[in-house]
Each structure stands twice: as structure tokens, then as C-alpha cells.
Amino acid sequence: MKRLLSILLLVALALSAGAQSSRNKKAAAPSAEKTRVLLILDCSNSMWDRWQSDAKIKVTQKVLLKFLDSVANQPEIEVALRVFGHLNRNAYGTKLEVPFDANNNYRIQSKIKTLVPNGGCTISTALENSLNDFPLSGASRNIILIITDGIDDCDGNICQVARQVQMSGVIVQTFILGIGNDPFKSDLDCAGKFTPVANEEQYTQTLYDIFKISEQEARVVIRVNDEEGHLYENETPIAFYDNQTGVVKYSTLYAVDDHYEADTLILDPLVNYDVVFFTHPATTFKNKQFTAGAINTFNVTLEQGNLRLRHESLRTNMQLPQYSVIVHEQGHSEVLNVQAMGEQVTYRAGDYDLEVLSTPPLRLEGITIQNASNTDLTIPMPGIVNLAKPKVITSGAIFQLNEGQLSWVCNLDASHSTERLLLMPGEYQVVIKPMASTQYSSVQVQRFKVEAGETTNVYISAQN
């Protein structure tokens, strides 16, 4: 019996220690990232106008007070209140009435109850000042929610201010609730996600929807396939831009594992994205929205082929020059890529113009790269030109001759009587004169031909 009691006592002590350890682990677990919502409320004179059952300000007070009761006990959400148009009659002031705090719900409700529309509309100023309202410490997803009837004359450029706010990186998203029946969506749509509110019921529901989605995340599985549905194995850089502001939100590398499975990317569902795959040229998918609380499969089909440039095969002791090749999309002047000879680069299927930086440059236009295929281009070998000039100091230049037309190739070095040049095959003309002479009669012109992989000796004798 004593042995049994001892065993039971040891078991009880072990269970107690385990429970205590479990409690300690729970206490030490990191807290979830907070969501901070700055409520910017329009309190300009037009909020006295009647809408639905009462004045706009009265309906807003009723809806907000009820709504704030429902979020008061959610520790992961903090709310602050900034108001504009309420300070002085006909003035355009704004003020952070209640800052962010874990226990400020009563203060926000009390302030909302006492608001009296009194001045003008200054949304842009309120939005500009909002960046200073969010605490610098502590990780949080920062959201701005503007409630306005939007019919007053607003100072400033709201679109420019909104872009500055998004560029700061402090704010995840700005939502705008437009109450009333006035068609002012086009004036404020650039500032954030605009939702027109037609009635009190929609007013309340829209607030709940914004707060609900602000707590969730979107899981995205990206699958990059070829036209036959095969998964790409290549790593591809990807950027996610805010569709509204054009500001980059995330950047990553797409890749698949050994089992051809793509990883899951966590994105913010509050943002509509322009997704850019950095192919050559880039492939963009506009205004992609990913559903909160779900796994979103983003299937992408890319048609790509490979391009490689190499020298033609000739028996020669010449060291192969490593030209750079400038690649343009056909019909576009922008440089798409600078490719090296012998390098294989993947491009989107399409037509391209190439410029080989040889001497003289070689243009290749209308090069078609087909999907899932390799395009190999052969570049002619240059020839070596040994140019011997008179020993007097001479100036001059070399031109390429093509169908009776001259194209400048290069200037000659006046300090050397001999020069060694690598020129592409073709017909050429050299023009020189003594630098001390100003007479046309002292100019000498001589034609020569360059063959691929061969050496051409050009002698220019001194004039008598």
C-alpha cells in the first residue's frame, strides 16, 4: 500500500508540473499582430443634411455607437478617432480627438455623442495628418476608415495625399464610406477603396465587413505553367503592387520543390494587386483580389522560349570577341536586356530586334522566339584589319560601304602609324589626311574588303 501511495504521489506531482509548464508556455506565447483602425469622421456643415431617418450626423452617431460596442472587447483591435470640420464655424480644421489605446472605447463613444458639425470639409488635410496618429512601436496592420458625405469643397489634392500616405508604408489600406446620394465617388475613388452607402442597414454591414476582413489573411498558391499545363521549375521573381497606388507591397521568388509543389504565400486581402512576373519582358496580371480566410490558387500560363547567340564555326586562330547584344521588343525603343554571346536567356514568345555591339554594330530585326523552343542565332565572325598609315601624323575615319551609302564606323588614332581593328565582314572605305594639311588634295581614300575570320592588310602610302 505504501508503495502504491508513493507511485500515485509521483504521478500527481508529474501532472502538476506538466500543467504548470503548459500554463507557462501559454503565457510566453507571442501575442497576435494588432490591427489599428483610424476612424476619420466628416463633421462638416453638410452632415446636418437629412438622410434616411434623420440628419447624416445623427444617423452616423447611432450606427457608430452601436458598432463600437461590438468591437470593444476585441483585444487584437485598437481604434482611434480623428475628426474634421467641427472646430470652428466655416473653418477647415482637423484634430485627433482620441488616440490609439487598448481601453479607449468609452472615450471614443463619448466624443462621437458630442460632435457638432460646424465647419468645412478638409479630407486631404485629415488624411495627411493621419500618418502621425499611428504608434511607432509594436507590430500592427494600420487601416484608415474615412466616413464622409463628400459634397463640400475639399482643400488640397486628395489623390496626391493618398499616394503619399500609401508610399509611406505605414498604411495597409484606406477605406472610404460615402454616405448620401451624391455622385462623388469619382472625386475620392483615388484615395482608397470607396463604398457608397445607400441606407443605414448597409452602413452598419459595411463597417462589420471592413473590420472582419482586416483580421484575416489570404493564402495564395501560385502555379506557373506552360501552355501544356506543365509546372515551371525555373525560379521567377514576382512583385505584388497596390493596384490603386502602384506602390510595391511584396516581392518574392517563385519556385517549386522536389515534388513539384509550390509554396503558400501569405498576402493581405485588403489590397487589390497588380502581380508582375519578371520574365523578359515582364508579364503583368492587373487588379488581382485574393479572398480572405481561404487558399487562393493563382494559375499563370507563360509562353516562353530560349535565345542564344554564337559565332559561326570557322577554323581560325582568332580569339572570339565577346560581344554584348542589346535586345528590344519589336517596335519598342526601351532596352529589354543586354545579353552576352554564348549566353542562353529565356524570353516570352514573340518578336524581337537585336543589336550586336560589334564594329560596326549588327542589327537583327524581327527575330521570332517561339514557345517552348530554342532559337540559336549565328553571328558572323569578324575579320582582322591591319592598317598601315604614312608616318606623318594623320587623322581619318573608317566607313562601311553598303549599296553606295557610307556609314561611319570609327575614327582612327592619329598617334599611331599602324592600327589593328576587328571589323564585321563587308565593304569598307578609309579616309585619311595629314593633320598639318588643310588642302583637299592631300586627302586619301582607299577601299578594302573584310572577310569573316581572315586577316586583311591595308597599306596607305605617303603622297609625293
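Using a distance-only test at 3.5 Å, with no hydrogens or angles considered, a donor-acceptor pair links the side chain of Asn296 to the main chain of Ala294. Panel note: side chain Asn337, backbone Val327; no donor-acceptor pair is recorded below 3.5 Å. Panel note: side chain Asn199, backbone Gln202; a donor-acceptor pair is recorded below 3.5 Å. Here the side chain of His311 pairs a donor or acceptor atom with the backbone of Pro321 at under 3.5 angstrom. The backbone N or O of Ala397 sits nowhere less than 3.5 Å from a side-chain atom of Asn411 that would complete a donor-acceptor pair. At distances below 3.5 Å, not a single donor-acceptor pair connects side-chain atoms of Asn104 with backbone N or O atoms of Ala80. Side-chain atoms of Thr94 come within 3.5 Å of backbone N or O of Val83 as a donor-acceptor pair. Within the 3.5 Å criterion, the main-chain N or O of Tyr241 finds no donor-acceptor partner in the side chain of Asp274. A donor-acceptor pair under 3.5 Å is absent between the side-chain atoms of Arg348 and the main chain of Glu303, judged by distance alone. With hydrogens and angles ignored, the 3.5 Å screen pairs a side-chain donor or acceptor of Gln173 with a backbone N or O of Leu270.
Counting heavy atoms from C-beta outward, Leu131 and Ile171 have side chains that approach closer than 4.5 Å. At a threshold of 4.5 Å between non-hydrogen side-chain atoms, the residues Ile143 and Leu38 do not count as touching. Between Met341 and Val325 the shortest side-chain heavy-atom distance falls below 4.5 Å. At least one side-chain heavy atom of Leu188 sits under 4.5 Å from a side-chain heavy atom of Thr148. Looking at heavy atoms from C-beta onward, Ile238 lies in side-chain contact with Val275 at the 4.5 angstrom threshold. The shortest side-chain heavy-atom distance between Ile379 and Ser358 does not fall under the 4.5 Å cut-off. The closest side-chain heavy-atom distance from Leu336 to His328 is not below 4.5 Å. Side-chain contact between Ser168 and Phe134: absent, with no pair of heavy atoms (C-beta onward) separated by less than 4.5 Å.
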Atom pairs and distances, donor-acceptor, side-chain atoms in residues 443-450, under 3.5 Å, two or more places apart:
from	atom 1	to	atom 2	distance (Å)
Gln444	NE2	Ser461	O	3.1
Gln446	NE2	Tyr459	O	3.3

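Qualifying side-chain hydrogen bond (donor to acceptor under 3.5 Å, both in side chains) partners for Lys193, counting only residues two or more places apart in sequence or in other chains: Asn272.
Atom CG of Leu421 and atom CG of Leu412 lie 7.0 Å apart (nearest 0.5 Å). Atom-to-atom distance recorded for Thr297:OG1 and Phe290:CZ is 10.5 Å, nearest 0.5 angstrom. In this structure, the separation between CD1 on Ile176 and SG on Cys190 is 7.5 Å, given to the nearest 0.5 Å. In this structure, CG in Leu145 is found 5.5 Å from CG in Leu39, a value given to the nearest 0.5 Å. Taking CG of Leu387 as the reference point, atom OG1 of Thr418 lies at 8.5 Å (rounded to 0.5 Å). In this structure, CD1 in Ile147 is found 5.5 Å from CG in Leu177, a value given to the nearest 0.5 Å.
Side-chain rings of Tyr347 and Tyr352 approach one another, their centers coming within less than 6.0 Å. For Phe277 and Phe285, the ring centers are positioned less than 6.0 Å apart.
Shown here for Arg36 and Ser140, the closest heavy-atom pair between the two residues is NH1-OG, 3.1 Å. Considering every non-hydrogen atom in both Ser44 and Asp42, the closest pair reads OG-OD1, 2.7 Å. Nearest heavy atoms, Glu312 versus Ala452: OE2-CB, 3.4 Å. Pairing each heavy atom of Tyr203 with each of Thr60, the nearest pair is OH-OG1, 2.9 Å. What you find for Ala198 and Gln52 is that their closest heavy atoms are O-NE2, 3.4 Å. Between Phe84 and Ala126, the shortest heavy-atom contact is CD2-CB, 3.9 Å.
Within 6.0 Å of the CD atom in Gln370, the count of heavy atoms belonging to other residues, nucleotides or ligands does not exceed 12. Within 6.0 Å of atom CD in Glu201, 12 or fewer heavy atoms from other residues, nucleotides or ligands are found, so the atom counts as exposed in its surroundings. By the 6.0 Å contact criterion, CD on Gln322 is enclosed, its count of non-hydrogen atoms from other residues, nucleotides or ligands being greater than 12.
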**Message:** Determine whether Arg310 and Thr378 satisfy the following criterion, side chain to side chain contact (heavy atoms under 4.5 Å, CB included), listing intermediate values before the conclusion.
**Reply:** CA-CA 5 Å; Arg310 56 185 177 84; Thr378 301; 3.9 Å; yes
**side chain to side chain contact (heavy atoms under 4.5 Å, CB included) assessment of Phe240 paired with Leu265** = CA-CA 11 Å; Phe240 294 78; Leu265 185 66; 3.5 Å; yes
**Request:** Evaluate the side chain to side chain contact (heavy atoms under 4.5 Å, CB included) criterion for residues Arg308 and Asn374: first the C-alpha distance (whole Å), next the side-chain angles of each, then the deciding distance (0.1 Å), finally the verdict.
**Result:** CA-CA 8 Å; Arg308 184 177 61 180; Asn374 296 322; over 6 Å; no
**Request:** Test Ile384 against Leu422 for side chain to side chain contact (heavy atoms under 4.5 Å, CB included), laying out the working first.
**Result:** CA-CA 5 Å; Ile384 298 175; Leu422 282 180; 3.7 Å; yes
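Ion pair Glu355/Arg363 flagged as a salt bridge, since at least one NZ, NE, NH1 or NH2 atom sits closer than 4.0 Å to an Asp/Glu carboxylate oxygen. Comment: Lys389 engages Glu419 in a salt bridge, judged by a side-chain N to carboxylate O separation of less than 4.0 angstrom. Salt-bridge annotation for Asp268 and Lys249: absent, with no side-chain N of the basic residue lying under 4.0 Å from a carboxylate O of the acidic one.
Here the rule is side chain to side chain contact (heavy atoms under 4.5 Å, CB included) with Tyr273, and of Asp242, Asn287, Leu267 only Leu267 fits it.
Side-chain contact annotation: Ser70 with Tyr208, donor-acceptor N/O pair under 3.5 Å present.
Note on residues 281-323: no pairs pass disulfide (SG to SG under 2.5 Å), not counting sequence neighbours.
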